[in-house]
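Heads up, the thing below is written out as C-alpha cells.
Please read these numbers as outputs of a predicted model, since none were measured by experiment.
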Amino acid sequence: MIKRNDTPDRRSAKGRKKTSQTICQQRRIKVRSFRYDQPIRDPLHHRGFYYKPMSVPWIQMQGRWLELAGFNIDQMITIRVMEHCLVLTTEPEPEPAT
C-alpha cells in the first residue's frame, strides 16, 4: 500500500538493462572548482617563494555505472582530449605471468 510520503525511487533500474551491451546512456555531471596553492618563486620573498591560490576545473565520476560500462577498479584508462570532448577508454589488462 502506498503511504502518504512515499516517492518513486529515482534510481530504480526497472526496465533498464544491467549489461555493458547498452548502446548509449547519458550522464550529466558538473565541472567544479578545485583550489590549491601553487608555489611561486620570488627572490625578494623571505623564503624565496610564496604560494598563490589557484582554481582549476575538477570532475569526479563514481558509481556502478562505470563498472557496467567496463571500467573496473585499478584498471588503467586512456583519456583523449579534444576541443569540448574527452574520450575515456579502458586499456587491456595485462596477462598474468605463468
Are M76 and V87 linked, directly or through other ILVMFWY residues, by side chains that come within less than 4.5 angstrom of each other?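 Hydrophobic grouping puts M76 apart from V87.
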
Determine whether more than 12 heavy atoms belonging to other residues, nucleotides or ligands lie under 6.0 Å from atom CE of M82. yes

Non-hydrogen atoms of [X] and [Y] that approach each other most closely:
X   : Y   : value
W58 : S33 : CB-C, 4.5 Å
G70 : Q75 : O-OE1, 3.1 Å
T78 : E91 : OG1-OE2, 2.9 Å
P57 : V31 : CB-CG1, 3.7 Å

Going by heavy atoms in the side chains, are [X] and [Y] under 4.5 Å from each other?
X   : Y   : answer
V81 : L86 : yes
W65 : R27 : yes
M61 : L66 : yes
E67 : N72 : yes
Y36 : V56 : yes
I77 : T89 : no

Just how far is it from atom CE of M54 to atom CD of Q38, taken to the nearest 0.5 Å? 4.5 Å

When you look at F71 and L88, which way does the side chain to side chain contact (heavy atoms under 4.5 Å, CB included) test go after all the steps? CA-CA 9 Å; F71 293 85; L88 284 68; 4.1 Å; yes

